[in-house]
K.L.:
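This is the structure I have questions about; it appears just below.
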Amino acid sequence: MSRYNARVVEPKWQAAWEQAEAFKAERDEAREKYYVLEMFPYPSGRIHMGHVRNYTMGDVVARYKSAKGFNVLHPMGWDAFGMPAENAAMDKGVHPGDWTYQNIADMRAQMKPMGLSIDWSRELATCDPEYYGQQQAMFIDMMDKGLVYRKEAVVNWDPVDMTVLANEQVENGRGWRSGALVERKELTQWFFKISDYSEELLTAIDGLTDWPEKVRLMQKNWIGKSRGLQFNFETIGAPDGHDQLEVYTTRPDTLFGASFAAISCDHPLAKALETNPDVAAFNTECRQMGTTEEALEKAEKKGFDTGIRVVHPFDKGWEIPVYIANFILMGYGTGAIFGCPAHDQRDLDFARKYGLGVTPVVCPEDQDPDQFSIGHEAYIGPGRIINSRFLDNMTVGDAIAEVNDRIESRGIGVAKTNYRLRDWGVSRQRYWGCPIPVVHCAECGVVAEKKENLPVELPKDVAFDRPGNPLDRHETWRNVPCPRCGGAAQRETDTMDTFVDSSWYFARFTAPRAETPTVAADVDYWMNVDQYIGGVEHAILHLLYSRFFARAMNLTGNLPKKAIEPFNALFTQGMVCHETYQNPEGKWLTPEEIRPVDGGYETLEGQSVTVGPSIKMSKSKKNVVDPEDIIDQYGADTARWFVLSDSPPERDIEWTAAGANAAWKHINRVWMLCDKIAEMDLATTGTGDDELLQAMHKTIHDVTVNIESFGFNAAIAKLYGFTNTLTKSKASAAAQKQAIVTMAQLMAPMTPHLAEDIWAHQGSQGLVAQAPWPKADPAMLIDNTVTLPIQINGKRRDEIVVAKTLPKEEVEKLVLENETVQKVLAGATPKKLIVVPGRIVNVVV
RNA sequence: GCGGGCGUGAUGGAAUGGUAGACAUAAGAGACUUAAAAUCUCUGGGCCUUGUGCCGUGCGGGUUCGAGUCCCGCCGCCCGCACCA
């Protein structure tokens with residue numbers, strides 16, 4: 001009897017696949033293609049269990065689809081630009097490029113032993129000039145099509161480090177390195193006009209039927225279409241040029257409940273008032289809040305009474321105070337609102353704080369309008385309009401229409417559809433990103449680089465010993481002739497958001513070495529991505545930007561019309577979690593730093609260990625398990641089997657040593673079974689061949705259905721079940737051999753190395769990786785009899801076994817003859833008898 | 001704060017509105033063994049009055065012959081919030 005040794009077997013089959021070029025994807029118009037893609041990783045240098053789970057899922061799909069006869073494309077690349085490389089440069093003095101390429105080499109070396117069916121010949125990194133040069137070409141094309149523009153936008157500014165900070169680099173309003181209070185600063189930045197596509201991106205969501213409903217909802221809410229009214233108030237006491245204040249509201253029906261107006265601290269009027277030191281101080285305070293919407297919304301609502309008043313559009317004598325408020329965003333609507341505290345919680349909180357009036361103007365149907373008042377909760381539901389003169393007694397909808405009509409007919413405003421989606425700011429004041437291929441010329445202005453000069457490569461000789469962007473101070477790189485007039489000019493030193501890099505890599509994979517961004521024949525054949533797999537944390541930004549970019553690429557001729565929705569199906573997988581451990585001092589401990597004792601753990605030094613909840617694996621909590629260690633110890637198949645087995649793919653999975661060990665034991669059990677069967681004399685007869693083969697066909701059917709529907713854990717449960725059946729079977733050698741070979745095929749997407757070894761051990765020809773998927777015989781799936789539970793008043797009390805084809809009347813007769821039913825009925829007739837054929841019987845008494 | 005999701009035994013989870021707990025882990029008992037490991041077999045939601053019993057899918061209501069599943073209201077946890085990737 002031989003034992004299964006993953007350490008020997010796995011590299012052997014990986015070499016066999018490589019030699020057979022089993023996963024090389026070649027365009028072949030005669031075959032139907034299938035494109036599987038997992039979200040490509042950031043090259044941090046170490047793979048983690050989240051990667052293992054993600055790529056294993058993709059690999060199951062890729063190997064399954066390949067067995068089903070599809071021409072599969074399953075590539076891998078690196079999302080290689082970004083801040084960590086610059087941080088490493090600052091901390092360790094290494095060049096971001098060297099650091100990144102070393103990490104890529106390390107991670108690739110950790111991934112290869114997983115046995116993924118990846119076409120490595122298509123590997124790319126977004127920091128390859130070969131890649132980002134094509135991205136620059138598309139940027140220029142997009143400029144030509146009017147999809148790119150510049151405008152002022154606010155950034156987090158660290159006044160000590162003299163640098164722009166990312167939101168994650170701002171901690172409690174201070175820069176993470178300097179500790180200085182962060183300011184909001186306005187810079188001229190590059191934008192993509194994603195807002196041109198707001199409506200298109202919204203309506204097209206309805207066509208994404210194979211995306212999770214939650215992701216589609218999140219995108220719809222993010223785009224945030226609203227119908228509203230944009231109109232002008234006349235102002236009293238405002239500086240010159242501000243005799244009107246334009247506001248946007250989605251609730252024009254509440255206009256008679258208005259008790260204040262509020263503007264953003266970045267609103268032109270607020271800026272114009274900064275000659276008043278109190279206003280300047282308040283605005284400065286607002287600007288120290290950070291730029292995230294979250295910070296804005298969570299912060300205590302504060303306002304500053306400007307002393308300016310606006311006149312109610314329907315009552316010349318009604319003056320409303322204008323506040324500068326810290327919760328109004330300049331980027332949404334007009335950066336100014338009117339507040340109706342009775343029907344908006346934020347406005348209500350604000351009004352209570354500053355002692356402003358709260359007049360209810362919408363009364364719920366079941367309330368008496370004379371008694372209805374607002375306490376601590378705003379009323380945002382439907383109802384009848386009250387306290388609103390000509391609007392009284394209208395519905396909310398009618399009142400909105402009426403106010404819109406009156407405002408429009410007076411020419412002081414217009415009903416308008418608004419979107420929450422803002423244009424995509426792509427400028428980053430950093431070195432390690434794709435340079436924006438533009439030159440600033442004193443004569444010609446902003447000029448795109450000539451395409452033949454692409455790529456605009458990042459200079460290698462840079463240093464990070466000083467704050468700021470090294471591109472800004474790199475004289476020879478920066479000073480170049482103007483592409484148009486040839487005069488002295490300067491390169492743009494902003495680089496692109498890394499989301500740009502990841503917005504088209506899936507298209508580049510179809511022709512990764514081409515000298516144009518894409519090649520028509522290749523994108524036509526391979527696009528779209530048939531199955532995209534990644535974390536739900538990308539539900540909005542990455543996926544929405546990619547949808548936009550695909551449309552832009554279509555406009556610039558780089559992508560066919562059919563690919564403007566690039567991902568046919570999307571699956572979002574859960575995270576990998578692990579228990580957390582702390583010593584008595586509260587220090588986090590890794591799973592290697594503890595050992596089990598009765599009912600718990602202790603440190604290797606014998607200290608007691610507090611076990612915390614299972615949370616996402618993270619370096620800071622030290623609850624990480626290194627995939628490399630697991631693969632060394634158990635082999636890749638064990639790791640793959642375990643990350644698929646215990647939890648539904650969309651949900652979080654808890655990594656446990658016991659679970660990994662169980663997966664390993666099972667792989668060995670299957671191998672032993674295979675070995676036992678291989679040693680049987682093929683002429684050996686037995687009993688129960690039919691039962692075994694029926695179980696086999698049912699397993700083929702169940703596993704197939706479960707893989708198709710991403711029920712990998714359920715597929716594995718069925719394979720466990722079939723292993724038990726086969727272990728106990730007394731069937732003939734021929735039937736058992738057929739069963740074990742079929743099982744190898746069914747396991748191949750999850751445990752490809754074991755499957756190959758069983759396949760070879762049973763004397764099958766070629767590779768499982770290139771064998772067709774087994775087919776379930778429909779005739780073998782039908783049971784002749786069925787066990788029917790009998791419920792009495794909805795509770796299961798007994799069961800009967802009947803022929804599957806038995807008519808309903810016959811079933812009813814049998815049920816009424818049933819002993820348990822007779823006892824309960826005691827001679828009476830049931831009130832109701834429900835027979836669901838093949839399912840259940842319910843007797844209502 | 002806003003948007004989205006999730007919640008079932010000791011544990012991970014299964015279950016087209018139709019037998020709740022498949023499959024697996026931990027635990028217990030047994031077989032084999034000088035012993036241990038490994039392997040195999042059995043038990044495996046809770047309660048009591050042990051019955052044709054009662055309770056049980058985060059909590060409270062509702063719809064239905066029948067609800068883990070559908071609806072309403074809570075609670076808890078997780079993800080995203082536009083410069084992390």
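This one's a predicted model, so the numbers in the text were calculated from it and none came from an experiment. Letters A, B, ... are given to chains in the order of the sequence lines, protein chains preceding strands, and every chain is numbered from 1. The figures that follow rest on heavy atoms only: side chains count, while hydrogens, waters and symmetry mates do not.
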K.L.:
Could you tell me whether A:F499 contacts a base, only the sugar-phosphate backbone, or nothing, with contacts defined as non-hydrogen atoms closer than 4.0 Å?
P.N.:
base
K.L.:
Return the nearest nucleotide to the side chain of A:D497; candidates are B:A24, B:C84, B:C83.
P.N.:
B:C83
K.L.:
Classify the side-chain pair A:W504/A:Y131 by whether it contains a donor and acceptor separated by less than 3.5 Å.
P.N.:
yes
K.L.:
Decide yes or no, distance alone: a donor-acceptor N/O pair under 3.5 angstrom between the base of B:C81 and the side-chain of A:E294.
P.N.:
yes
K.L.:
What pairs with A:F350 under ring-ring contact (aromatic ring centres under 6.0 Å, His included), at least two apart in sequence or on another chain?
P.N.:
A:F260, A:Y323, A:F327, A:Y354
K.L.:
Could you check whether A:K831 gets within reach of a base, just the sugar-phosphate, or nothing at all, counting any heavy atom under 4.0 Å?
P.N.:
nothing
K.L.:
Check whether the side chains of A:D798 and A:T820 place a donor and an acceptor atom closer than 3.5 Å, and report yes or no.
P.N.:
yes
K.L.:
Please determine whether a side-chain nitrogen or oxygen atom of A:N167 lies at a distance below 4.0 Å from atom OP1 or OP2 of B:A82.
P.N.:
yes
K.L.:
Identify whether any heavy atom of A:G82 sits under 4.0 Å from a base atom; if not, whether one sits that close to sugar-phosphate; answer base, sugar-phosphate or nothing.
P.N.:
sugar-phosphate
K.L.:
For the C1' atoms, the ones on B:U69 and on B:A82, what distance do you get once it is rounded to whole angstrom?
P.N.:
36 Å
K.L.:
How is A:R346 classified with respect to the nucleic acid when contacts are heavy atoms under 4.0 Å: base, sugar-phosphate, or nothing?
P.N.:
nothing
K.L.:
For a quick check of understanding: with a heavy-atom distance under 4.0 Å over all strands, which category does A:N724 fall into, base, sugar-phosphate or nothing?
P.N.:
sugar-phosphate
K.L.:
To the nearest angstrom, how far is A:N706 atom CG from B:A14 atom C1'?
P.N.:
11 Å
K.L.:
Where the side chain of A:R797 is concerned, which of B:A85, B:C40, B:C54 is the nearest nucleotide?
P.N.:
B:C54
K.L.:
Using a heavy-atom cut-off of 4.0 Å across all strands, would you classify A:V836 as base, sugar-phosphate, or nothing?
P.N.:
base
K.L.:
Mind checking if A:T727 touches a base, just sugar-phosphate, or nothing, with heavy atoms under 4.0 Å?
P.N.:
nothing
K.L.:
Roughly, in whole Å, what's the span from CG in A:L541 to C1' in B:C79?
P.N.:
13 Å
K.L.:
Answer with base, sugar-phosphate or nothing: what part of the nucleic acid does A:R216 contact at a heavy-atom distance below 4.0 Å?
P.N.:
nothing
K.L.:
Does A:Q429 reach a base, just sugar-phosphate, or nothing at all? Heavy atoms under 4.0 Å.
P.N.:
base
K.L.:
Checking all strands, does A:V155 fall into the base, sugar-phosphate, or nothing category for heavy-atom contacts under 4.0 angstrom?
P.N.:
base
K.L.:
So does A:R428 get a side-chain nitrogen or oxygen closer than 4.0 Å to the phosphate oxygens (OP1/OP2) of B:C83?
P.N.:
yes
K.L.:
Does A:N842 have a side-chain nitrogen or oxygen under 4.0 Å from the phosphate oxygens OP1 or OP2 of B:G18?
P.N.:
no
K.L.:
B:U25 and B:C42: how far apart are their P atoms, nearest whole angstrom?
P.N.:
14 Å
K.L.:
Stems in RNA chain B: runs of 3 or more consecutive Watson-Crick or G-U pairs, distances under 3.5 Å?
P.N.:
B:1-7 with B:75-81, B:10-12 with B:23-25, B:27-31 with B:39-43, B:45-47 with B:53-55, B:58-62 with B:70-74
K.L.:
Take atom C1' in B:C65 and the same atom in B:G12, then report the distance between them in whole Å.
P.N.:
35 Å
K.L.:
Please determine if a side-chain N or O atom of A:S645 lies less than 4.0 Å away from the OP1 or OP2 oxygen of B:A24.
P.N.:
no
K.L.:
Taking only Lys NZ, Arg NE, NH1 and NH2, and the carboxylate oxygens of Asp or Glu, determine whether A:R177 and A:D158 approach each other closer than 4.0 Å.
P.N.:
no
K.L.:
Rounded off to whole Å, could you give me the NZ-to-C1' distance for the A:K301 and B:C2 pair?
P.N.:
10 Å
K.L.:
Ignoring hydrogens and angles, are the base of B:U16 and the side chain of A:R839 linked by a donor-acceptor pair under 3.5 Å?
P.N.:
yes
K.L.:
Quick one: is A:N221 getting a side-chain N or O under 4.0 Å of the B:G4 phosphate, OP1 or OP2?
P.N.:
yes
K.L.:
From the options B:A85, B:G5, B:C81, select the nucleotide whose nearest atom is closest to the side chain of A:M83.
P.N.:
B:A85
K.L.:
Syn or anti for B:G9, with syn set at within 90° of 0?
P.N.:
syn
K.L.:
When you compare B:G4 with B:C55, how far apart are their C1' atoms, in angstrom units rounded to a whole number?
P.N.:
35 Å
K.L.:
Using atom CD1 of A:I540 as one end and atom C1' of B:C2 as the other, report the distance to the nearest whole Å.
P.N.:
11 Å
K.L.:
Using a heavy-atom cut-off of 4.0 Å across all strands, would you classify A:A714 as base, sugar-phosphate, or nothing?
P.N.:
nothing
K.L.:
Check A:L201 against A:F548 and note the closest heavy-atom contact, atom names and distance.
P.N.:
CD2-N, 4.0 Å
K.L.:
Does a side-chain N or O from A:R651 land closer than 4.0 Å to OP1 or OP2 of B:C77, or not?
P.N.:
no
K.L.:
For nucleotides B:U49 and B:C59, find the distance between their P atoms and express it as a whole number of Å.
P.N.:
26 Å
K.L.:
When we call it a touch if two heavy atoms are under 4.0 Å apart, what does A:P212 touch: a base, just sugar-phosphate, or nothing?
P.N.:
nothing
K.L.:
Which nucleotide in the set B:A82, B:A85, B:U25 lies at the smallest distance from any side-chain heavy atom of A:E537?
P.N.:
B:A85
K.L.:
How many whole angstroms separate atom CG of A:L719 from atom P of B:A14?
P.N.:
16 Å
K.L.:
If you measure from the C1' atom in B:U41 to the same atom in B:U50, how many Å do you get, rounded?
P.N.:
27 Å
K.L.:
Looking at B:C2, does its base get a donor-acceptor pair with the side chain of A:E293 below 3.5 Å?
P.N.:
no
K.L.:
Does a side-chain N-to-carboxylate-O contact under 4.0 Å join A:K808 and A:E812?
P.N.:
no
K.L.:
Given side chains that start at C-beta, do those of A:I533 and A:M39 come closer than 4.5 Å, heavy atoms only?
P.N.:
no
K.L.:
Separation of A:L296 atom CG from B:G1 atom C1', in whole Å?
P.N.:
10 Å
K.L.:
Check A:D266 with A:R184, please: is the shortest side-chain N to carboxylate O separation under 4.0 Å?
P.N.:
yes
K.L.:
Within less than 4.0 Å of OP1 or OP2 of B:U25, is there a side-chain N or O belonging to A:T656?
P.N.:
no
K.L.:
Which class fits the ring pair A:W641 and A:H666: parallel under 30°, tilted 30 to 60°, perpendicular over 60°?
P.N.:
parallel
K.L.:
Whether the side chain of A:Q189 and the base of B:C83 hold a donor-acceptor pair under 3.5 Å is what I'd like checked.
P.N.:
yes
K.L.:
Between A:D196 and A:K193, does any side-chain N to carboxylate O distance fall below 4.0 Å?
P.N.:
yes
K.L.:
Just call it for A:D652: base, sugar-phosphate, or nothing, with non-hydrogen atoms closer than 4.0 Å on any strand.
P.N.:
sugar-phosphate
K.L.:
Could you check whether A:R428 pairs with A:D497 (Lys NZ or Arg NE/NH1/NH2 to Asp/Glu carboxylate O, under 4.0 Å)?
P.N.:
yes
K.L.:
With C1' as the reference atom in both, quote the distance from B:A22 to B:G68 in angstrom, rounded to an integer.
P.N.:
15 Å
K.L.:
Quick check on B:C55: is either OP1 or OP2 less than 4.0 Å from any side-chain nitrogen or oxygen of A:K795?
P.N.:
yes
K.L.:
In whole Å, measure the gap between the P atoms of B:G60 and B:G56 for me.
P.N.:
9 Å
K.L.:
Whole angstroms only, please: what is the CD1-C1' distance between A:I840 and B:A15?
P.N.:
13 Å
K.L.:
Is the shortest distance from a Lys or Arg side-chain nitrogen in A:E293 or A:R420 to a carboxylate oxygen in the other one below 4.0 Å?
P.N.:
yes
K.L.:
Looking at every strand, decide which applies to A:G425 at a 4.0 Å heavy-atom threshold: base, sugar-phosphate, or nothing.
P.N.:
sugar-phosphate
K.L.:
For A:K214 and B:G80, what is the distance between atoms NZ and C1' respectively, to the nearest whole Å?
P.N.:
12 Å
